[in-house]
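Okay, so here's the structure we're looking at.
These numbers come from a predicted model, not from an experiment. So that the names make sense, note that chain A is the first sequence line, chain B the second, and so on, each numbered from 1.
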Amino acid sequence: METYTIIVLLLAATIRVATPLLLAALAGLFSERAGVIDLGLEGKMLGAAFAAAAVSAVTGSVWLGLGAAIATGVALALVIGFACITHRGNQVVAGMAVTIVVSGLAPSLALAWFGLGGQTPQLTNAAQRFTALPWPGAEAARAMPFPGLMYAELLAGHNGVVYLAAALVPLSAWVLYRTRFGLRLRAVGENPHAVESAGIPVNGLRYRALLISGVLCGVAGAYLSTAANAGFVRDMTVGKGYLALAALIFGKWRPVPTLWACLLFAFTDAAAARMQGVALPLAGVVPVQFILALPYILTVLLLAGFVGRATPPKALGVPYTTEK
Amino acid sequence: MSVSPERVPALDLRGIDKRFGPVHANRAVSFAVRAGTIHGLIGENGAGKSTLMNIVYGLQSPDAGTLLVQGREVHFRHPREAIAAGIGMVHQHFMLVENFTALENLLLADGAAAGSAAGRAAAREKWDRLALDHGLDVPLDAVVGELPVGVQQRLEILKALGRKAEILVLDEPTAVLTPAEATQLFQLLGRLRAQGKTVILVTHKLREIMAVTDRVTVMRQGAVVAELDTAATSLRELAEKMVGRSVLLQVEKGPGFPREVLLEVEQLAASDDRGVPRVKGISFQVRAGEIVGIAGVAGNGQSELLETLAGIRTPTGGAIRLAGRDVAGDDPAQRRRLGLAHVPEDRLKLGVVAAFAAEDNLILGQQERPEFGRGVLLDRRAIAAGCRQAMAEYDVRPGDPRLRLGAFSGGNQQKLVMAREIGAGPQVLLVGQPTRGVDIGAIEFIHRRLVALRDAGKAVLLVSVELDEILGLADRILVMNGGEIMGELPRAEATEEKLGLLMAGVRAEAGHED
């Protein structure tokens with residue numbers, strides 16, 4: 001393959017890998033901007049992935065699957081909210097607990113319902129999955145010279161969730177910075193006491209932020225099991241929730257920089273997939289484990305060195321109480 | 001003369017009662033605030049003022065009693081309802097989002113949509129006009145965290161006024177202000193009164209009450225103990241009502257007999273954490289048997305000076321001599337061994353561990369002393385006994401060595417810190433803001449202790465932003481401004497006016513004639 005084709009395919013893969021990462025990071029953006037640490041991203045996404053695949057497999061409708069995924073994401077978010085907001089519990093513990101529960105519960109339910117060793121059935125029917133939207137002339141463009149392939153692979157050729165995720169970036173920025181709700185949401189993550197004294201209920205705002213997080217995690221999970229793959233397998237999120245959190249921090253809790261962080265992480269992931277088995281000059285064939293670890297090594301390096309002074313929302317992780 | 005109809009009180013509290021577990025915070029509190037007046041509410045820390053005002057603002061609900069606003073009975077369950085009833089509150093800790101601009105903070109309180117550019121422009125115009133009407137100068141586009149506290153406070157007041165507050169509650173508004181800013185604030189309150197607003201001023205500073213209020217309610221241990229017309233009362237009477245016994249507003253102390261120099265500072269320079277020079281070549285001496293006071297508006301290098309002397313901050317130049325020995329390169333522990341003790345300005349940050357028991361706090365920094373240990377182990381019995389003794393000597397209540405330090409009142413915490421530092425038997429004691437957040441009874445006690453230490457032939461360096469405290473205790477007064485010493489006055493020659501000029505940075509003829 002010529003270099004042009006390789007690069008275009010690599011970028012196309014980057015977009016596909018970045019989508020669930022971006023959705024999860026935006027989910028985290030809303031809850032963390034409201035002051036709730038979102039370590040439950042991984043769990044919510046995983047639960048949603050299972051729900052989407054299971055419902056889609058049984059009903060044959062990917063839309064019902066998406067609905068179930070969103071419902072699952074929201075339900076898990078409410079569990080976290082109940083523990084952290086209503087009862088002012090430790091946010092890190094609550095998020096981790098949800099993740100751990102889901103990672104055990106999803107394969108168990110899959111085993112009980114489908115008997116396939118903790119997986120859901122393969123989604124073979126087109127109606128059971130999100131497939132690429134037909135863009136006009138995409139197939140014709142593929143054969144055409146530059147920039148035909150770019151149009152076919154980068155712009156067209158994706159399923160609806162990818163475009164949704166892309167559209168959510170400016171939408172999130174608009175909500176956060178241009179609406180009354182966004183102003184209050186950001187304020188509640190900085191100084192909830194100020195919000196309370198302005199006559200706005202703090203807990204209500206935080207619940208709403210978690211609901212948004214649940215919905216977005218639901219979409220991210222559905223993407224994993226019904227778009228990027230054809231079914232649910234055990235631990236299929238493989239740390240994407242945590243990687244999304246890292247992207248969020250790297251993006252300094254702002255939508256557009258978070259998008260770039262997600263794309264960067266996704267690029268390393270896509271590049272790693274390409275590099276498997278490729279012999280590099282001097283190094284020879286790099287062990288597959290090392291290549292797969294690359295995105296995470298990059299995460300550690302970026303967070304340790306390059307982020308600089310990322311100031312998190314001031315009230316992040318602090319349960320809100322009225323008494324001093 | 002025909003009887004004019006009595007104006008309905010702006011705020012009428014009837015039998016307000018509130019308990020927090022075993023603490024009876026408000027005991028059947030009843031008083032009325034006349035419309036269009038400035039009403040003072042005073043009491044020591046823990047007298048129940050804040051709880052009462054939280055009830056008025058809907059942050060807490062009373063167990064019993066009723067609240068009438070402009071003659072109508074109300075039951076607030078949330079600040080939203082209090083705001084709707086025309087009550088505005090300026091909290092001691094400002095309710096501002098620091099990394100928002102002033103305008104964003106106002107929009108947060110306002111509820112106006114900020115989506116469109118037109119909406120923003122309209123909101124800006126509205127707030128600009130309001131600020132102008134009330135003479136409240138606030139830069140709307142500045143980030144709040146970068147504004148001086150005085151301006152932040154104006155923003156809080158503006159916020160309340162914008163929500164149509166008719167009754168404005170200010171909780172300890174001058175705690176963070178310079179004298180000049182406080183004067184400005186009082187002028188503003190006077191203007192608001194002239195416009196017919198009602199102001200409730202919550203404070204423990206008696207002078208403020210005397211200066212600006214029309215009427216004053218005194219609280220003690222959760223109950224109202226007096227309600228007086230300000231014009232018909234005096235500082236002394238208010239202080240006695242507040243504490244429940246007669247108090248000495250003036251410290252009793254005889255003349256000092258300074259002897260040899262114990263602490264000598266020469267051309268000392270230091271910078272703050274960001275590298276900005278804050279202490280610029282300061283020289284002075286403190287002798288055995290004298291209290292030297294350092295006066296100045298907060299933030300003029302006093303904190304850095306104190307930290308540098310204590311060994312917490314590394315000087316950028318100059319010498320510090322303790323009984324003739326240069327200690328500029330020594331760490332705090334080495335300085336302690338040479339007879340230096342330090343009561344830090346920020347008690348909770350540098351002086352104690354709030355989560356530790358009182359007895360553990362009493363050995364912090366002195367855990368190596370032989371009487372507290374056996375080999376590598378701590379001698380818990382000796383530590384507890386030492387703590388009980390110190391608690392008795394310093395009148396710390398409750399006298400329970402096992403109690404968590406954070407559970408003590410500010411005054412009792414400070415007494416414990418004093419007990420620890422003086423208990424180490426220092427030659428030189430550095431004291432920063434010894435009575436910040438401390439009630440009157442404890443202030444009196446702490447002041448007596450400092451004088452006793454001087455009379456025992458020790459050297460005391462007192463840094464305080466309270467001019468009364470400096471004038472009451474110091475034998476010699478140095479005034480700091482902009483990191484330099486503007487002048488030095490013996491106590492006998494110091495007046496508030498002379499010191500005020502020096503504090504403002506006017507060197508002029510305020511000092512001696514040469």
Side-chain angles (χ1 to χ4, degrees), chain A residues 29 32-35 85-86 88 90 170-209 251-255 257 308-316 318 320-324, chain B residues 18 20-21 23 25 50-51 53-54 57-61 76-85 87-101 103-117 119-120 123 144-145 152 155-156 159-160 162-163 165 169 171 406:
Chain A
L29 179 76
E32 299 225 331
R33 268 303 179 95
I85 301 173
T86 306
R88 302 189 284 272
N90 185 302
L171 184 66
S172 301
W174 183 78
V175 167
L176 271 184
Y177 297 109
R178 283 280 173 247
T179 67
R180 194 190 316 181
F181 170 68
L183 184 76
R184 292 174 173 179
L185 188 85
R186 285 184 291 135
V188 89
E190 293 288 337
N191 185 356
H193 298 282
V195 174
E196 184 79 49
S197 98
I200 307 158
V202 167
N203 288 358
L205 270 171
R206 290 196 163 166
Y207 262 110
R208 268 181 277 173
K252 302 189 177 178
W253 290 271
R254 289 194 301 238
R309 282 166 50 88
T311 20
K314 207 173 277 167
L316 185 59
V318 187
Y320 175 71
T321 51
T322 39
E323 60 262 30
K324 275 188 269 185
Chain B
K18 179 77 180 174
F20 295 105
V23 182
S50 295
T51 303
M53 288 303 112
N54 282 343
Y57 195 56
L59 282 166
Q60 269 145 5
S61 36
F76 299 144
R77 278 154 305 167
H78 193 273
R80 190 175 43 227
E81 297 166 6
I83 292 167
I87 295 174
M89 181 136 171
V90 177
H91 297 264
Q92 186 175 3
H93 303 285
F94 299 147
M95 293 298 169
L96 296 170
V97 181
E98 292 202 340
N99 58 1
F100 278 20
T101 65
L103 187 62
E104 282 179 316
N105 270 287
L106 292 170
L107 289 171
L108 185 66
D110 195 11
S116 63
R120 285 202 168 226
V144 164
Q152 293 189 17
L155 178 61
E156 281 281 56
K159 205 164 88 178
R163 289 187 300 208
V169 181
D171 191 5

- Query: Which residue out of B:K159, B:H91, B:R80 racks up the most heavy-atom pairs below 4.5 Å with chain A?
  - Reply: B:R80

- Task: Tell me, for A:P192 versus chain B, whether the close heavy atoms (under 4.5 Å) come from the side chain, the backbone, both or neither.
- Result: neither

- Going through the distances and angles, do B:E104 and A:L183 end up as a side chain to side chain contact (heavy atoms under 4.5 Å, CB included)? CA-CA 8 Å; B:E104 282 179 316; A:L183 184 76; 4.0 Å; yes

- Where B:V97 and A:E190 come nearest, the two heavy atoms and their spacing: CG1-CB, 3.4 Å

- Item | By side chain to side chain contact (heavy atoms under 4.5 Å, CB included) - contacts of B:I83 (at least two apart) | B:Y57, B:R163

- Highest number of heavy-atom pairs under 4.5 Å with chain B among A:A198, A:A315, A:S197 belongs to A:S197

- Item | Residues B:L108, A:R184; criterion side chain to side chain contact (heavy atoms under 4.5 Å, CB included); working and verdict | CA-CA 6 Å; B:L108 185 66; A:R184 292 174 173 179; 3.6 Å; yes

- Message: With rounding to the nearest 0.5 angstrom, report the NZ to CG distance, A:K314 to B:N99.
- Response: 6.0 Å

